[in-house]
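To start, the structure itself, in structure tokens.
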Amino acid sequence: MVQTMESWFLADPKALAEHFGAGFDPKALPRSEFVERVPREQVAQSLAKATRGAKGKRYDKGRDSFRILMRLDPGKVRAGSPWARRFLEALGAVSGVE
């Protein structure tokens, strides 16, 4: 199970770069085949480090999280997170949308 929703962000660094703009450092993000295996503390630390130079705009959960979620490529999140794939499939089954 995903420990923090920010883990899903790691599956789509392009969406993060688009959100934070110039100065965002995608190399500061951990690489993992399955993003939910990255410990919660490491996710938070890597987001802080990656956004350090981004127009003075460090990651803030309240301000940024849902805006980033809207940008994420669902295919990338499904590929990087088996729990997200399962969650999205369940939502699709209930809503009738695949």
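These numbers were taken from a predicted model, which means no experiment stands behind them.
Residue-environment remark: NZ (K14) stays at or below the threshold of 12 foreign heavy atoms within 6.0 Å. No more than 12 heavy-atom neighbours from other residues, nucleotides or ligands sit within 6.0 angstrom of CZ on R67. No more than 12 heavy atoms of other residues, nucleotides or ligands sit less than 6.0 Å from atom CZ of R86.
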Residues S81, E36; criterion side-chain hydrogen bond (donor to acceptor under 3.5 Å, both in side chains); working and verdict: CA-CA 6 Å; S81 173; E36 49 211 24; 2.5 Å; yes
Steps toward salt bridge (Lys or Arg N to Asp or Glu O under 4.0 Å) verdict (R40, E6): CA-CA 8 Å; R40 167 184 233 141; E6 285 83 354; over 6 Å; no
Criterion side chain to side chain contact (heavy atoms under 4.5 Å, CB included) on D25 and R52, from CA distance to verdict: CA-CA 8 Å; D25 181 11; R52 189 173 296 142; over 6 Å; no
Steps toward side chain to side chain contact (heavy atoms under 4.5 Å, CB included) verdict (F9, V43): CA-CA 9 Å; F9 300 172; V43 172; over 6 Å; no
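In this structure, CG on D73 lies 10.0 Å from CZ on R78, to the nearest 0.5 angstrom. Taking NZ from K57 and CZ from F20, the interatomic distance works out to 6.5 Å, rounded to the nearest 0.5 Å. Between T4 atom OG1 and E41 atom CD the span is 10.0 Å, to the nearest 0.5 Å. Note that CG of L72 is 9.0 Å distant from CH2 of W8, once rounded to the nearest 0.5 Å. Put simply, CG on D60 and CZ on R58 are 11.5 Å apart, with the number rounded to the nearest 0.5 Å.
Side chains of L47 and L29 form a contact here, defined as non-hydrogen atoms less than 4.5 Å apart. Side-chain contact between L16 and Y59: absent, with no pair of heavy atoms (C-beta onward) separated by less than 4.5 Å. In this structure, the side chains of Q45 and K49 stay at 4.5 Å or more apart for every pair of heavy atoms.
In terms of heavy atoms, R71 sits closest to D12 at O-OD2, 4.0 Å. Residues P13 and L10 come closest through the heavy atom pair CD-O, 3.6 Å. The two residues S32 and R37 make their nearest non-hydrogen contact at OG-CB, 4.4 Å. Residues F34 and P82 come closest through the heavy atom pair CD2-CD, 3.5 Å.
Criterion: ILVMFWY side-chain heavy atoms under 4.5 Å apart, direct or through other members. Under it, L88 and M70 are not part of a common hydrophobic cluster. Hydrophobic cluster membership differs between V94 and F87, with clusters built from Ile, Leu, Val, Met, Phe, Trp and Tyr side chains linked at under 4.5 angstrom.
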